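Whatever order the structure lists them in is the order used to number ligands and atoms, beginning at 1. Fair warning: this is a prediction, and the values are worked out from it, not measured in the lab. Residue numbers count from 1 along this sequence.
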Amino acid sequence: MLRTLVRRLGAQAAQGVRGYASEAAPKKSGAASFKPDYDAVRKAVEDLLESNEDYDDGSYGPVLVRLAWHTSGTFDKNTNTGGSNGATMRFLPESNWGANAGLAVARDLLEPVKQKYPWISYSDLWTLAGATAIEAMGGPHIPWRPGRSDYAPQNFVALPDGRLPDGDKDAKHVRDIFYRMGFNDQEIVALCGAHTLGRCHDDRSGFVGPWTNAPTTFSNLYFVELTENKWHKKKWKGPLQYEDKSGQLMMLNTDMWLLWDKKFKPYVQQYAKDEEAFFKDFAAAFSKLLELGVPFPEGSAAASPTPNK
Ligand code: HEM
């Protein structure tokens, strides 16, 4: 029964992979002198960020950060499954999960970079693109190292849906999801500070609006808004979300729970006051997120090919 299921999912996976470049390993000829240039990949990603001024708030940065997070946030420490290794979001059913709605934009955006630098795995590319976007939008340096590989469609086992968080749920749900990945309360709050970027789209998640008035700049503004603004339930037919008096800014129920929960709240308050602490904690937690479940060679510490400038 299990075997049939795996086979069926494998077949779906093969459908889901259509349209992506084949898994090209670094060319063997001249392999001795081949040195992957990750800085060139970073540069190619940076060039894409503001390549379309009509897209959202003028930057693809936020959706690239969401791709890096969703490809990594499937990790389950108890079964050691999920995570960025394998880039399984290329395949059905994960590519079609409701939680991943809209991420085809980010995956397709990166496709020309993959074509130009075929030696990089999708899993390294997607995570490096997220780290690059954070830095390019004014955020901290994110320690990143290569080493992820892509599963061939026939070798991959589909993950169960439901590993990513739902915005209309409470603190227990948030803890269930992030503890499963191996994060603690402080890391959870730091990571959710990424909502300083980007916006919700009604045709993706069903929610609408940005969390801050500067959604293409990485800052601690999300925590400032959360603590200093006044939030009330939005009156509409859509899913439960909160809005401020202006009606321009929003918070998800899970965002509000960071403020309402006694153990989360001190970190929200700290990060609202101290951007440096937020940057430091975010960089550590985001780097950890991108590495969950990746079988790096022993002894290779997280390090970026582009050191902090
Ligand atoms: C309780 C945890 C979380 C929940 C429930 C949640 C939920 C959501 C939802 C519903 C959206 C809107 C998607 C859309 O309509 O386009 C969103 C966007 C976003 N999320 Fe989260 N998220 C969570 C944690 C995180 C984390 C940990 C990160 C990164 C470290 C992150 C980064 C982002 C970014 C950057 C966007 C904006 C994407 C864009 O503008 O296209 N989120 N999130």
Side-chain angles (χ1 to χ4, degrees), residues 49 52 55-75 84 97-107 109 126-127 129-131 133-134 136-137 139-140 142 162-181 183 185-212 214-219 221-222 226 238-242 250-261 264 268 271 278-279 281-292:
L49 293 179
N52 177 3
Y55 178 76
D56 269 7
D57 302 288
S59 170
Y60 285 110
V63 79
L64 289 179
V65 173
R66 185 168 163 247
L67 175 65
W69 138 236
H70 278 209
T71 194
S72 309
T74 53
F75 183 65
S84 60
W97 286 355
N100 287 335
L103 288 179
V105 169
R107 297 194 301 268
L109 181 75
W126 291 354
T127 50
I134 294 277
M137 291 186 286
I142 308 294
R163 289 205 173 182
L164 294 164
D166 292 329
D168 56 359
K169 299 248 168 70
D170 60 6
K172 181 184 178 307
H173 169 76
V174 173
R175 284 201 175 89
D176 285 347
I177 295 279
F178 283 89
Y179 284 5
R180 188 209 67 223
M181 291 178 234
F183 288 111
D185 287 354
Q186 173 256 309
E187 291 169 315
I188 293 172
V189 176
L191 283 171
C192 290
H195 282 170
T196 203
L197 297 172
R199 56 171 60 244
C200 295
H201 306 77
D202 53 1
D203 58 341
R204 297 181 186 176
S205 59
F207 301 102
V208 280
W211 291 265
T212 71
T216 63
T217 301
F218 194 88
S219 72
L221 203 49
Y222 164 83
L226 195 53
L240 169 65
Q241 69 172 67
Y242 289 77
M250 67 89 63
M251 288 288 161
L252 298 166
N253 203 44
T254 44
D255 296 312
M256 295 307 301
W257 270 103
L258 299 183
L259 192 64
W260 296 334
D261 183 270
F264 285 146
V268 171
Y271 296 147
F278 166 54
F279 274 30
D281 291 351
F282 179 84
F286 195 63
S287 181
K288 173 174 163 179
L289 173 71
L290 304 185
E291 301 213 338
L292 294 175

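- Taking the six-membered ring for Trp and the full ring otherwise, the centers of Trp69 and Phe282 sit at least 6.0 Å from each other.
- Considering Arg204, Gln241, His195 only, the shortest heavy-atom separation from atom 22 (N) of ligand 1 involves His195.
- By the criterion of a heavy-atom distance under 4.0 Å, neither the backbone nor the side chain of Phe218 is placed next to ligand 1.
- The shortest contact between atom 29 (C) of ligand 1 and any protein heavy atom is with Ala194 CB, 3.3 Å.
- Across the listed options Trp257, Phe207, Trp69, Trp211, Trp211 owns the non-hydrogen atom lying nearest to atom 17 (C) of ligand 1.
- Contacts between Asp166 and ligand 1 below 4.0 angstrom, taking non-hydrogen atoms only, involve the backbone exclusively.
- Within the 4.0 Å heavy-atom criterion, the part of Thr254 lying near ligand 1 is the side chain and not the backbone.
- Scanning the protein heavy atoms around atom 9 (C) of ligand 1, the nearest turns out to be Leu252 CD1, 4.0 Å.
- The closest protein non-hydrogen atom to atom 2 (C) of ligand 1 is Pro165 CG, 3.4 Å.
- Ring pair Phe286/Phe279: centre-to-centre distance not below 6.0 Å.
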Step-by-step side chain to side chain contact (heavy atoms under 4.5 Å, CB included) determination, Val208 to Arg199
CA-CA 7 Å; Val208 280; Arg199 56 171 60 244; over 6 Å; no
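- The nearest pair of heavy atoms linking Val65 to Gly130 is CG2-O, 3.9 Å.
- Checking only distances, Asp56 never comes within under 3.5 Å of ligand 1, N or O to N or O.
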Please assess Asn100 against Leu164 for the test side chain to side chain contact (heavy atoms under 4.5 Å, CB included), listing each intermediate value before the final yes or no.
CA-CA 9 Å; Asn100 287 335; Leu164 294 164; 3.6 Å; yes
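- For ligand 1, the atoms closer than 4.0 angstrom to any heavy atom of Phe286 are 30 (C).
- For atom 35 (C) of ligand 1, the nearest non-hydrogen atom of the protein is Pro62 O, 3.3 Å.
- For atom 41 (O) of ligand 1, the candidate residues are Arg66, Met250, His201; the nearest heavy-atom contact is made by His201.
- Geometrically, Arg175 does not engage Phe183 in a cation-pi contact defined by less than 6.0 Å to the ring centre and at most 45° from the axis.
- What sits closest to atom 12 (C) of ligand 1 on the protein, heavy atoms only, is Cys200 SG, 3.5 Å.
- Across every non-hydrogen atom of Leu197 and Thr216, the tightest pair is CD2-C, 4.2 Å.
- Residues Asp255 and Tyr222 bring a donor and an acceptor atom of their side chains to less than 3.5 Å of each other.
- The protein heavy atom nearest to atom 40 (O) of ligand 1 is Arg199 N, 3.0 Å.
- Across Val105 and Val63, no two heavy atoms sit closer than the pair CG1-CG1, 4.4 Å.
- Ligand 1 places these atoms under 4.0 Å from at least one heavy atom of Gly167: 5 (C).
- Shown in contact with Gly198 at under 4.0 Å from a heavy atom are these atoms of ligand 1, numbered in order with element: 37 (C), 40 (O).
- Shortest contact from atom 15 (O) of ligand 1 to any protein heavy atom: Ser205 OG, 2.6 Å.
- Summarising the geometry of Arg204 relative to Ala101, their closest heavy-atom pair is O-CB, 3.5 Å, with the distance given to 0.1 Å.
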Salt bridge (charged side-chain N to carboxylate O under 4.0 Å, His left out) assessment of Arg180 paired with Asp176:
CA-CA 6 Å; Arg180 188 209 67 223; Asp176 285 347; over 6 Å; no
